[in-house]
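Because the structure is predicted, anything quoted here is derived from the model rather than measured. Order of the sequence lines sets the chain letters (A, B, ...), proteins ahead of strands, with each chain counted from 1.
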Amino acid sequence: MSAAIEAASAGVKVLVIDANEKAGGQLFKQIHKFFGSSMHRAGVRGIDIGRELLEKCEELGVEIWLDSLAIGIYDNLRVAVDRKTGFNEHKMILVEPKKIVIATGASENAVRFPGWTLPGVMGAGAAQTMINFHRVLPGKKVLTIGSGNVGLIVSYQLMQAGAEIEGIVEALPKINGYAVHASKLTREGIPIYTGYTVLEAHGKERVSEAVIAKVNPDWSTIPGTEKTIEVDTIAIAAGLKPLTGLAHMAGCQLTFDRFLGGWAPIHNEHMETTVPGIYIAGDSTGVEEANTAIEEGKLAGTAIAASLGYLDEKEADALQEAAWERLKGLREGAHGAERTQAKEHQLHAYAEYMERRGEVG
Amino acid sequence: MSLSASGVLTTEYLKEIGKYPSEERMKQGPVAVCECVEKIPCNPCESSCPFHAITIGENISELPCVTWGKCTGCGSCIPACSGLAVFVLNKSYSDEVGSVAFPYEYNYTFQVGDVVGAADRSGKRVCDGVIKRIVNTKKADRTTVVTLEVPIAFVDEVRSIYRERRS
Ligand SMILES: Cc1cc2nc3c(=O)[nH]c(=O)nc-3n(C[C@H](O)[C@H](O)[C@H](O)COP(=O)(O)OP(=O)(O)OC[C@H]3O[C@@H](n4cnc5c(N)ncnc54)[C@H](O)[C@@H]3O)c2cc1C
Ligand code: SF4
Ligand code: SF4
């Protein structure tokens, strides 16, 4: 949406396609106040940031197709879309834009253990969608796997929705997310089991108990430390990985980086991938956060407006420079150094790849 | 256990790193404490203070620093903090009791005057307290600020209302 806003405000005609019933992705589930700089609306709840972006899109006349899935990108930037055309009615449509921005976000990593297919075992993101979007409580006694920010925030929101968190299990010896998020939970008496993993889940019709155990530094479990916890839900928050299907299919080059969640398309400083005309932004080019996704979207949007002749180069350069400045600020601090490096690596990989291709071609 | 292993901060640690107001300062009047000791990119507390008593600076990952002398204890920073990590402590109005103001984002039924259990940073019930104030401003955007009066010895420890675990 951020790319759409930048491009549309320069005069570009924009169509947004989203598989959800509402545009805005993750933001509509993020009912907590965001971190970041107050310049970037930190302290504002994610859901309100989403609403603002959506309103801006509507104001600018951006066309939005909801419940519509982009299923493939073919030669010459053609996109096949399974478009919703009515109640329970879909139609396959071929869209032929001049430029494409892929901003498909990320998908949740699974953790496999005996019993992981039992009803009640779900991704933390799914649990969050249920409580904050559909307003259904997935269960009353929840065990969360993973203490990253997603695990901590979703646990907190499950509590706000009326569930009890039976515990948060983290295999590392330390909590992975922000300490302030953890402290919010500990002062409500939520146990955080650092150095523990989930061994298995039991249950007949749905999960009824989980067995956890201490782990050695090499992740092998320590016999005799097993603990059985009565639960009706297990929420897995074991990280996200970029959703790269569309980019991959279009032939965009990817690189692997564990700090960005795995394989992700490489791009230049305008967010253009190795396939000319296809741009990428947000979690789909490396799992980060909403603020960075918004800035990357701005980069892609202004670059597109400039290359289509809607923005003069000077103006576009200034906008891009400002966005990079803000991105730099967002990637500072304890959790940012690795990401900064990984993002630089993507830019290098792009340059190298294009150079190699130039030599061959 | 360390903060990173348990998620529980201690008053001792805050004192050690110079982020806790002195006894003397708390005796003079209400004062804010930012229990935020990990470098994260975040600064709404800084811009929320009408008296410019909180500084983070250009690099938003620096730790917030409260200038105790400038702080009036007004509490504007409590709901502004995304990490729900700012508290206002007051040991100035009595020798027996003091108060702790904290953010609260759950449904509640308690009212001013109610006696409730008071929980420390680990969720343990350490004493009882009396609800003195419940504030919901538009600016606080659905974060309630509760002021709880507790025996003065517990002001440094109490950080929430005790919650009975539901199972
Ligand atoms: C629990 C949690 C807490 C978070 N807290 C914060 C926070 O405090 N601060 C912060 O800055 N960030 C936070 N984030 C991260 C932030 O939400 C994401 O980084 C951000 O939303 C990424 O934006 P995006 O546009 O890249 O992807 P998304 O928001 O995931 O959007 C992707 C969209 O693409 C659609 N889509 C995917 N594939 C297709 C397809 N083939 N066809 C059509 N549509 C498709 C999806 O339906 C979705 O709407 C949090 C995330 C989570 C899960
Ligand atoms: S209590 Fe008021 S004066 Fe003190 S730091 Fe917070 S906002 Fe500033
Ligand atoms: S707003 Fe809260 S979490 Fe953010 S820096 Fe200030 S005290 Fe820390």
Side-chain angles (χ1 to χ4, degrees), chain A residues 31-45 48 140-141 147 149 152 156-157 159-166 168 170 172-192 194-195 229-232 289 291 329-336, chain B residues 1-9 34-48 56 58-63 77 79-87 102-107 119-125 139-143 157-167:
Chain A
I31 60 168
H32 59 285
K33 291 181 178 168
F34 269 30
F35 284 85
S37 154
S38 22
M39 258 168 50
H40 273 93
R41 287 170 291 190
V44 177
R45 295 180 193 275
D48 295 322
K140 292 226 143 117
K141 294 195 262 178
S147 71
N149 281 331
L152 297 174
Y156 178 63
Q157 293 176 353
M159 281 191 57
Q160 289 179 306
E164 181 62 72
I165 303 298
E166 300 301 330
I168 299 175
E170 170 60 59
L172 294 175
K174 65 174 186 70
I175 295 165
N176 228 335
Y178 293 163
V180 286
H181 283 320
S183 297
K184 258 175 0 193
L185 292 158
T186 53
R187 64 177 180 258
E188 300 302 321
I190 308 300
I192 303 184
T194 42
I229 303 177
E230 214 182 290
V231 298
D232 60 13
E289 52 192 40
N291 293 323
L330 289 169
R331 290 177 182 143
E332 262 165 18
H335 294 252
Chain B
M1 250 202 297
S2 67
L3 168 67
S4 66
S6 67
V8 183
L9 251 177
C34 294
E35 302 203 345
C36 173
V37 300
E38 178 189 53
K39 289 191 167 183
I40 50 175
C42 181
N43 73 351
C45 54
E46 179 180 39
S47 39
S48 74
I56 287 183
E58 204 50 28
N59 177 356
I60 65 166
S61 292
E62 286 305 321
L63 297 183
C77 48
C81 166
S82 320
L84 306 192
V86 185
F87 306 87
F102 51 85
Y104 198 79
E105 289 188 334
Y106 302 96
N107 284 333
D120 70 3
R121 296 185 186 89
S122 70
K124 212 169 72 206
R125 182 175 191 153
K139 195 150 174 242
D141 187 18
R142 291 156 284 178
T143 304
E157 300 309 321
V158 167
R159 291 298 176 265
S160 191
I161 291 169
Y162 173 71
R163 190 185 63 99
E164 198 112 19
R165 289 182 60 80
R166 293 189 192 91
S167 52

Counting heavy-atom pairs closer than 4.5 Å to chain B, which one of H32(A), H181(A), E170(A), E188(A) comes out on top? E188(A)
Between T186(A) and R159(B), a side-chain donor and acceptor under 3.5 Å: no
Between D141(B) and R45(A) (salt bridge meaning N to carboxylate O under 4.0 Å), is one present in this structure? yes
Given a strict heavy-atom distance threshold of 4.5 Å, which part of I56(B) is in contact with chain A: side chain, backbone, both, or neither? neither
Is I190(A) close to chain B through its backbone or its side chain, or both, or neither, when contacts mean heavy atoms under 4.5 Å? both
Going from CG on L185(A) to OG on S122(B), what distance comes out if it is rounded to the nearest 0.5 angstrom? 13.0 Å
Point-to-point distance, once rounded to the nearest 0.5 Å, from CD of E164(B) to CD of E164(A): 10.5 Å
SG of C36(B) to OH of Y178(A): how many Å apart, nearest 0.5 Å? 10.5 Å
Could you report the tightest heavy-atom contact between F34(A) and S82(B), atom names first, then the distance? O-OG, 2.8 Å
Spell out, as yes or no, whether a donor-acceptor pair under 3.5 Å connects the side chain of Q160(A) to the backbone of E105(B). yes
Taking side chain as everything from C-beta outward and backbone as N, CA, C, O, which of these in R142(B) sits under 4.5 Å from a heavy atom of chain A? Side chain, backbone, both or neither. both
Determine yes or no for a side-chain-to-main-chain donor-acceptor pair under 3.5 angstrom, with K174(A) supplying the side chain and S2(B) the backbone. no
State whether the side chain of S183(A) and the backbone N or O of G7(B) hold a donor-acceptor pair below 3.5 Å, judged by distance alone. yes
Taking only residues two or more places apart in sequence or in another chain, which ones pass side chain to side chain donor-acceptor pair (under 3.5 Å) with E46(B)? none
Check whether E35(B) gets within reach of chain A through its side chain, its backbone, both or neither, counting any heavy atom under 4.5 Å. backbone
Please check this pair: side chain of T194(A) against backbone of A5(B), looking for a donor-acceptor N/O pair closer than 3.5 Å. yes
Sort out for me which of C45(B), A85(B), A80(B), S6(B) touches chain A most, counting heavy-atom pairs under 4.5 Å. S6(B)
If I take atom OG from residue S160(B) and atom NZ from residue K184(A), how far apart are they, to the nearest 0.5 angstrom? 12.0 Å
Go through the atoms of N291(A) and report whether side chain, backbone, both or neither lie under 4.5 Å from a heavy atom of chain B. neither
Minimum heavy-atom separation for A140(B) to K33(A), with atom names? O-NZ, 2.8 Å
Residue part contacting chain A, namely of N43(B), when any heavy atom lies under 4.5 Å: both
